[in-house]
Amino acid sequence: MDIERMIIMSLVNDLKFRGLIYGMTDPDLEKALDNEKLVFYMGVDPTADSLHIGHLLACLVAKRLENYGHMPILVIGGGTGLIGDPSFKSQERQLLSIETSLKNAEGISRQVRKLLPDAKVVNNYDWLSSLNAIEFLRDIGKHFNVAYMVAKDSVKSRIETGLSFTEFSYQIIQAWDFEHLYANHGCTLQIGGQDQWGNITAGMELIRKLHGSDAKAYGFTFPLVTKADGTKFGKSDGGNLWLDPEKSSPYEFYQFWINTADDDVILRLKQFTFLDEKEIEDISRKFIEAPHERLAQKILAKELTDLVHGEAACLEAIKISEALFSGEIHTLTKAEIAMGFANLIDKCIASDSSLVDLMIDLKLASSKREARELIQGGAVSVNGNKISDLNFTVSKRQAIEETYTVIKKGKKAFAIVEHQ
RNA sequence: GGAGGGGUAGCGAAGUGGCUAAACGCGGCAGACUGUAAAUCUGUUCCCACCGGGUUCGGCAGUUCGAAUCUGUCCCCCUCCA
């Protein structure tokens, strides 16, 4: 990006252009964001050992602030995760065990260091775990009025349907995080998704009570990522799409973005990429002229796969995608497959076996019956050729260079067999 | 504690003794059309299976030649009363 533009473009204007500002606790924050160097934090609950795509937006917002000169702290909710945030949740959450929480925290921390190399990563378990009940009630609890806590939208609905004291207390605990960081790290800004508003303002409240009314602390929230068709963003095949390449391959990650709906794709470029306003307008214009070329999706998928998985993995994902969707699988060489599909070779077989059985082994079907239904329905192809014979045998002799066989189910699911 | 209503496949919802593995809608998975899109149309969707077989309608125990449907009992949910 050219430096001149970076200086001219204000951070707040950029965030607004990208639709990333949902709420700001204080109009002064705009000035502070543009003109000061703030220490800010965001929190992540260690509910799994990897971040998923739902966390990506938050990380990228943090990166935008970091690029502008603000200093990020990532708080892993090792302690708060043990309590469970009730905000806008319809049900009481399953409690994490301490071991799981700490183990997950480690995985998340590793990932965050890749995305935000300069961020300070801390785990609130470190300060929350030593807090005792008396201290908690006297020093912190005393500053919260129950009426104030109950009035929050984030817990209101749960008051009727059931909310344990544990989860009800959550906002106080998170408030204390903010205060702790304010006091120990000079952190004056908390960012989070729109559901975090209640927790953020609780923290500001506590900071004011403990440090006086001239103590400046801010919060801002970004909107929930929504899809034009109303379905939930971030799921792939019914499961989460993870940032960990072991849990979701770079190919899957690339495919997730390439499949972005036309109605959403320009917004995604704004929200998720670092392309500037002019570049995005340019892409948008070309995209509207020739939507079938899917330029916007391709750029979106490339930018993000590159960012999250690195250039090599990104190129590999693109290569796999092109080979699979052009139908020219049989033209690939053994070496190209070995390189491009390295992480996706699922199964080695010594002897020839039936397609039906292989599909089960490769998890393309859950039973022989299902495999047969798919073959009969014309959904299965081997090395690019549609198969309709239920007794088809996958053999080394017919494999690509007698080494690889690519089995594809439907348009998007496939697996590779390496023959020995 | 009392009165009433209800629990059917992933979800919603019909069915109220045999024709019911259970209508219909959604969701899922495929096929066609396309742009790996949307919309639309088609097929499929309890489990296993080549024929065919197995297990279902909150749980258990009964009645019956035969039950999701009738009886008893237990569990759970909702509404009203105390």
Side-chain angles (χ1 to χ4, degrees), chain A residues 90-92 157-158 160-162 226-241 248-269 272 283-305 314 316-329 332 340-341 344 353-382 384-393 406-416:
Chain A
S90 56
Q91 281 187 342
E92 189 86 3
S157 62
R158 285 282 299 281
E160 321 243 311
T161 58
T226 54
K227 296 205 328 191
D229 65 5
T231 57
K232 199 170 167 57
F233 170 80
K235 298 287 179 182
S236 110
D237 298 328
N240 279 322
L241 190 70
S248 299
S249 70
Y251 167 77
E252 285 175 85
F253 187 84
Y254 181 83
Q255 284 292 316
F256 172 83
W257 296 105
I258 212 89
N259 282 306
T260 303
D262 289 9
D263 288 345
D264 292 324
V265 71
I266 299 300
L267 178 61
R268 295 290 177 267
L269 284 171
F272 286 92
I283 294 163
S284 177
R285 199 172 44 247
K286 287 182 187 153
F287 174 65
I288 289 163
E289 275 169 23
H292 58 281
E293 281 171 14
R294 296 184 305 131
L295 177 70
Q297 279 92 342
K298 284 178 185 164
I299 291 174
L300 177 68
K302 182 171 184 303
E303 287 286 319
L304 285 166
T305 310
C314 176
E316 192 177 291
I318 293 173
K319 191 179 175 111
I320 296 172
S321 297
E322 280 172 358
L324 283 167
F325 289 98
S326 68
E328 303 293 302
I329 295 165
L332 290 173
F341 296 61
L344 294 157
S353 50
S354 84
L355 178 58
V356 167
D357 290 337
L358 265 177
M359 284 179 68
I360 297 168
D361 289 345
L362 296 168
K363 303 206 166 55
L364 292 176
S366 61
S367 69
K368 288 189 181 186
R369 178 187 49 76
E370 195 184 334
R372 284 199 176 88
E373 277 173 12
L374 288 164
I375 293 169
Q376 278 168 341
V380 180
S381 72
V382 172
N385 304 312
K386 190 154 281 189
I387 301 300
S388 54
D389 177 11
L390 290 178
N391 299 314
F392 187 88
T393 302
V406 179
I407 301 173
K408 189 165 153 195
K409 181 203 90 171
K411 284 198 177 71
K412 297 173 187 174
F414 71 95
I416 295 173

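From a predicted model like this one, the values you see are computed outputs, not experimental measurements. Heavy-atom basis, side chains included; hydrogens, waters and symmetry copies ignored. Throughout, a chain's letter reflects where its sequence line sits, starting with A, and its residues are numbered from 1.
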Those residues that, when tested against [X], pass side chain to side chain donor-acceptor pair (under 3.5 Å) (two or more places apart):
X        : value
A:Glu370 : A:Ser366
A:Lys363 : none
A:Glu303 : none
A:Arg294 : none

For the [atom1] atoms, the ones on [N] and on [M], what distance do you get once it is rounded to whole angstrom?
N     : M     : atom1 : result
B:U8  : B:A21 : C1'   : 12 Å
B:C41 : B:C46 : P     : 22 Å
B:G31 : B:C76 : C1'   : 43 Å
B:A22 : B:G12 : C1'   : 16 Å
B:G25 : B:G15 : C1'   : 16 Å
B:A23 : B:C11 : P     : 16 Å
B:U16 : B:G54 : C1'   : 26 Å
B:U56 : B:U45 : C1'   : 16 Å

Atom pairs under 3.5 Å: protein N/O with N/O of nucleotides 45-49 of chain B:
residue: B:C48; atom: OP2; partner: A:Ser367; partner atom: OG; Å: 3.4
residue: B:C48; atom: OP2; partner: A:Arg369; partner atom: NE; Å: 3.4
residue: B:C48; atom: OP2; partner: A:Arg369; partner atom: NH2; Å: 2.5
residue: B:A49; atom: OP2; partner: A:Lys368; partner atom: N; Å: 3.2
residue: B:A49; atom: OP2; partner: A:Arg369; partner atom: N; Å: 3.0

Does the pair A:Arg369/A:Glu373 count as a salt bridge with the N-to-O cut at 4.0 Å?
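Here A:Arg369 pairs with A:Glu373 in a salt bridge, since their nearest N and O are under 4.0 Å apart.
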
What is the base-pairing partner of [N], counting Watson-Crick and G-U wobble geometry with both distances under 3.5 Å?
N     : value
B:A39 : none
B:G66 : none
B:C80 : B:G2
B:A14 : none

What is the distance, to the nearest angstrom, from the [atom1] atom on [X] to the [atom2] atom on [N]?
X        : N     : atom1 : atom2 : answer
A:Lys408 : B:A30 : NZ    : P     : 12 Å
A:Lys412 : B:G31 : NZ    : P     : 11 Å
A:Leu295 : B:U36 : CG    : P     : 15 Å
A:Lys302 : B:U36 : NZ    : C1'   : 19 Å
A:Ile318 : B:U36 : CD1   : P     : 16 Å
A:Ile320 : B:U36 : CD1   : P     : 18 Å
A:Ile258 : B:U36 : CD1   : P     : 10 Å
A:Phe256 : B:A37 : CZ    : C1'   : 14 Å

In chain order, what residues pass the salt bridge (Lys or Arg N to Asp or Glu O under 4.0 Å) check against A:Lys386, with sequence neighbours excluded?
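For A:Lys386, no residue satisfies salt bridge (Lys or Arg N to Asp or Glu O under 4.0 Å) once neighbours in sequence are set aside.
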
Applying salt bridge (Lys or Arg N to Asp or Glu O under 4.0 Å), name anything that partners A:Lys319, two or more places apart in sequence or on another chain.
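A:Lys319: salt bridge (Lys or Arg N to Asp or Glu O under 4.0 Å) contacts with A:Glu336.
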
Can you name the closest pair of heavy atoms from [X] and [Y] and give their distance?
X        : Y        : result
A:Leu390 : A:Val356 : O-CG2, 3.6 Å
A:Ser367 : A:Ile360 : C-CD1, 3.5 Å
A:Leu269 : A:Ile299 : CD2-CG2, 4.3 Å

Report, one pair per line, the protein and nucleotides 32-35 of chain B atoms (nitrogen or oxygen only) whose separation is under 3.5 Å.
residue: B:U34; atom: O4; partner: A:Lys411; partner atom: NZ; Å: 3.2
residue: B:G35; atom: O4'; partner: A:His292; partner atom: O; Å: 3.4
residue: B:G35; atom: O6; partner: A:Asp262; partner atom: OD2; Å: 3.2
residue: B:G35; atom: N1; partner: A:Asp262; partner atom: OD1; Å: 3.2
residue: B:G35; atom: N1; partner: A:Asp262; partner atom: OD2; Å: 2.6
residue: B:G35; atom: N2; partner: A:Asp262; partner atom: OD1; Å: 2.6

Show the atom names and distances, to 0.1 Å, of all donor-acceptor pairs under 3.5 Å that link a side chain in residues 258-265 of chain A to residues at least two apart or in another chain.
residue: A:Asn259; atom: OD1; partner: A:Lys412; partner atom: NZ; Å: 3.4
residue: A:Asn259; atom: ND2; partner: A:Gln255; partner atom: O; Å: 2.9
residue: A:Thr260; atom: OG1; partner: A:Trp257; partner atom: O; Å: 2.6
residue: A:Asp262; atom: OD1; partner: A:Gln297; partner atom: NE2; Å: 3.1
residue: A:Asp264; atom: OD1; partner: A:Ala228; partner atom: N; Å: 2.9
residue: A:Asp264; atom: OD2; partner: A:Ala228; partner atom: N; Å: 3.3

Of A:Gly410 and A:Asn259, whose closest RNA chain B nucleotide lies nearer the 5' terminus?
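Nearest-nucleotide comparison on RNA chain B picks A:Gly410.
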
Looking only at the side chain of A:Leu374 (C-beta and beyond, no hydrogens), which of the listed nucleotides B:C29, B:U36, B:G31 gets closest?
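Comparing B:C29, B:U36, B:G31 against the side chain of A:Leu374, the answer is B:C29.
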
